[in-house]
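Accompanying notes for the structure given below.
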Amino acid sequence: MTTRKVSPKNRKSPSKAKLLRTTDRVDERLDRRNNDAKIDDLQKNTEDSGGEFLTTNQGVRINDNQNSLKAGDRGATLLEDFILREKITHFDHERIPERVVHARGSAAHGHFQVYESMAQYTKAAFLQDPSVKTPVFVRFSTVAGSRGSSDLARDVRGFAVKFYTQQGNFDIVGNNMPVFFIQDAMKFPDLVHAVKPEPHNEIPQAASAHDTFWDFISLMPESMHMIMWVMSDRAIPRSLRMMEGFGVHTFRLINEKGKSRFVKFHWKPLLGLHSVVWDEAQKISGKDPDFHRRDLWEAIENGDFPEWEFGVQIVDEKDEHKFSFDLLDPTKIIPEEIVPVRRIGKLTLNRNPENFFAETEQVAFHVGNIVPGIDFTNDPLMQGRLFSYTDTQLIRLGGPNFHEIPINRPLAPVHNNQRDGFMRQAVNRGQTSYEPNSLRGGCPFQAGADMGGFTSFAERIDAQKVRARSASFFDHFSQATLFFNSQSEPEKQHIIRALRFELGKVETPPIRERMLALLAQVDKGLATSVAEGLGAKVPAKLDKPMNMSIPGGADPRKFQPKQVAQEIETSPALRMVNNPNFPNDSIKTRKIAVLIADGFDDAAVDEMNKALLTAGATPKTVAPRLGIVTGGNGVQLKADFSFLTASSVLFDAVFVPGGDTSITALSKQDGAGEFVSEAYKHCKTIAASGAGVGLLATALVGKFSESDDLGDGVAVNDGVVTSREGSIKGLADAFIAALALHRHWERETGP
Ligand code: HEM
């Protein structure tokens, strides 16, 4: 593979200013690269085109890239044209199959560092030494939609982390929700077929709100806990940087002595947990379907590197059966109030991919990629995944050598006797490709456990071969109830609304009825509220057994859900509002729209922008048109957006500064009032100063009063912060405090 590096300084760019910016950024990236072994490794295959001759794939320089070879300038194209044929053939084969699930994704590079040695629990090398930075590549995804679908679909988000450790690659292929829909991998194709667009008309794209999904769910009570999560605001995150991640299954940690403990993996975002509202999500899908992808990309380009703490819940082997649920059941969490999450390290994402296809698309995660010190459990969902990932990647990536693709190849050296296959890159020298051998002195040879050779945990098994599910998996509702009971009131209302929306799109009444009956098992009030929105009634009893996910000919009565007494009634760690793990004390990286027109109060904008920037937020100007906007005192600002290119749904908050001429112009502007009223509807923080307060009063008729004067001339009312004549400093302080709360749900009026 050729490597051509072109010094950024030799690149041609249209303007000097742009050149400087680009060059600075490239230098910055090179600095970052130098610290990272995986980035250095990728460099071997990285090409910066520019300043070189255009060539064919055989390296022949091309003279004419405009015209095909013809018999006369008006004649037919000749088969002989190897340049045309090569170019078109390559193009014709540019696409590979998208992932069968999680097709839509965005990824970034970074590193992981453990806070202190975890040697007591695991011999995994990357968890021993706090000074070691392990390179990582992380891909976030939605599950149901195609590659080109909207980021804002109501869906689970994939959260897949590949650690390039000294002992080989370790992948945590998790989600932003800690449980899953099903308990056994046997049901996975059914689940995915049910949620994907319906096969007869390929409708709807990236949405669970349709008959086949709810038909399946209504017959699978084991899904109810996960349904609570996907109907909650967790399924519409504000940013990929502001969501938790979970390994979902129970894994094992194995220490040097061979002692095993159970473990659940967690990722805790340092920017807190935030969501958008459903109406907003749907609008963002139209205004900017790449909203999450762009947000991740821009944050990293701006140096606002997303961070998560790595958490573990560790359970001793002897405690395996002490819980109300089975540790092997992937539809259950271990509540943090029972086993606390210990934060043991930090993940930082600090570099965007160079090439989407080469990295984000070709990366191949696998639950089965583990290293010494980590091991599996018998979770029947995980066991099926252990087969599925390699199998699907064989076809997605075109053969058995996808581990050689640069983004997938480990930093640890690879030596074995596997040979050949499509697209083999390694040129394996020598006569032998088997083991044992004497011709090559036995190489490559096996490693003893003391030399880092992987040995599986010797779990004792004494069992009959059965196709069955343990009765310890049959409590399908208790943790769904725990989740619902743990939500704040506005979050409960959001779940009710989400279910009304989803089931409202279902066209077959019996499916709705079965769902209402299942919801009644979770919480009667929840079921009644959802039913009200559907103009239906919760059925008094079902005419069929509820669990239809049973073997043929089996007695349904033996498979019905059972209720087990729970350890706790609520878990504050499960809610997003007032979650004790995530204090609302920062507005870092939030985007604020500053609405201005010529004549705006430049002093107010200057002071507010400084305060916002100091707090880590990003103010952006929105004006009637692009170009320069001139303030009352002659200060000139570039409009970042016009009302045509911006929308309140793309921002976290709005500031309307005063300036009579500016406010008069904005009042006549199509879109300014709507900008404010929509932000209000979505419970966002809004601030206004001077004449800007008047614009608010008009846009928010009947909703806005300047009631709670904080003193200093600043009034605060449900996240609307105003100052007609008071100090901008006071206004900025109150604005920042209100913004830290993220949303002001008290404005909502119920489902
Ligand atoms: C706890 C349950 C599960 C979680 C957390 C999960 C998570 C993920 C994630 C994050 C990805 C995207 C990987 C990427 O970014 O490249 C993915 C892909 C995939 N998952 Fe799962 N999954 C689960 C269950 C299953 C099951 C039960 C199966 C099959 C038995 C399965 C099969 C697949 C397949 C085939 C892909 C596409 C992989 C590729 O083409 O690279 N998953 N899963």
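The basis for the numbers below is simple: all heavy atoms, side chains too, and nothing from hydrogens, waters or symmetry mates. For ligands, and for the atoms within them, numbers begin at 1 and follow the listed sequence.
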What heavy-atom pair brings [X] and [Y] nearest, and what distance separates the two atoms?
X: Ala281; Y: Leu152; result: O-CB, 3.5 Å
X: Leu349; Y: Val138; result: CD2-CG2, 3.6 Å
X: Arg575; Y: Arg234; result: O-NH2, 3.8 Å

_Between ligand 1 and His249, can you find any atom pair, the residue atom being a heavy atom, that is separated by under 4.0 Å?_
yes
*Using non-hydrogen atoms of the residue, decide whether Gly174 is closer than 4.0 angstrom to ligand 1.*
yes
Which of the numbered atoms in ligand 1 are under 4.0 angstrom from any heavy atom belonging to [X]?
X: Val100; answer: 35 (C)
X: Arg396; answer: 39 (C), 40 (O), 41 (O)
X: Phe365; answer: 13 (C), 14 (C), 15 (O), 16 (O)

*asked:* I'd like the name of whichever of Arg139, Gln383, Met226 reaches closest to atom 15 (O) of ligand 1 through any heavy atom.
replied: Arg139
_Heavy atoms only: which of Val248, Leu191, Thr392 lies closest to atom 35 (C) of ligand 1?_
Thr392
*In terms of heavy-atom contacts, does CD1 of Ile96 have more than 12 from other residues, nucleotides or ligands at under 6.0 Å?*
yes
*asked:* Among all protein heavy atoms in this structure, tell me which lies nearest to atom 27 (C) of ligand 1, with the distance rounded to 0.1 Å.
replied: Leu381 CD1, 3.3 Å
*Among protein heavy atoms, which lies nearest atom 5 (C) of ligand 1, and at what distance?*
Asn175 ND2, 3.1 Å
*Tally of protein N/O/S atoms under 2.8 Å from atom 21 (Fe) of ligand 1?*
1
*Measure from the side-chain N and O atoms of Gln205 to the backbone N and O of Ser146, and report whether any donor-acceptor pair falls under 3.5 Å.*
yes
*Any donor-acceptor pair under 3.5 Å from Glu222 side chain to Phe474 backbone*: no
*Spacing of CZ belonging to Arg252 relative to CG belonging to Asn378, to within rounding of 0.5 Å*: 7.0 Å
*Does the pair Glu361/Arg99 count as a salt bridge with the N-to-O cut at 4.0 Å?*
yes
_Just to verify, what does Asp215 make a salt bridge (charged side-chain N to carboxylate O under 4.0 Å, His left out) with, not counting sequence neighbours?_
Arg514
_Below 3.5 Å, N or O to N or O, backbone or side chain included: is there any such pair between Arg99 and ligand 1?_
yes
*Look only at interatomic distance and state if Gln393 has a nitrogen or oxygen under 3.5 Å from any nitrogen or oxygen of ligand 1.*
yes
*Phe112 and Phe163: aromatic ring centres closer than 6.0 Å?*
yes
*Going through the checks in order, is the ring pair (Phe, Tyr, Trp, His ring centres under 6.0 Å) test met by Phe246 and Phe265?*
CA-CA 6 Å; Phe246 304 90; Phe265 297 123; over 10 Å; no
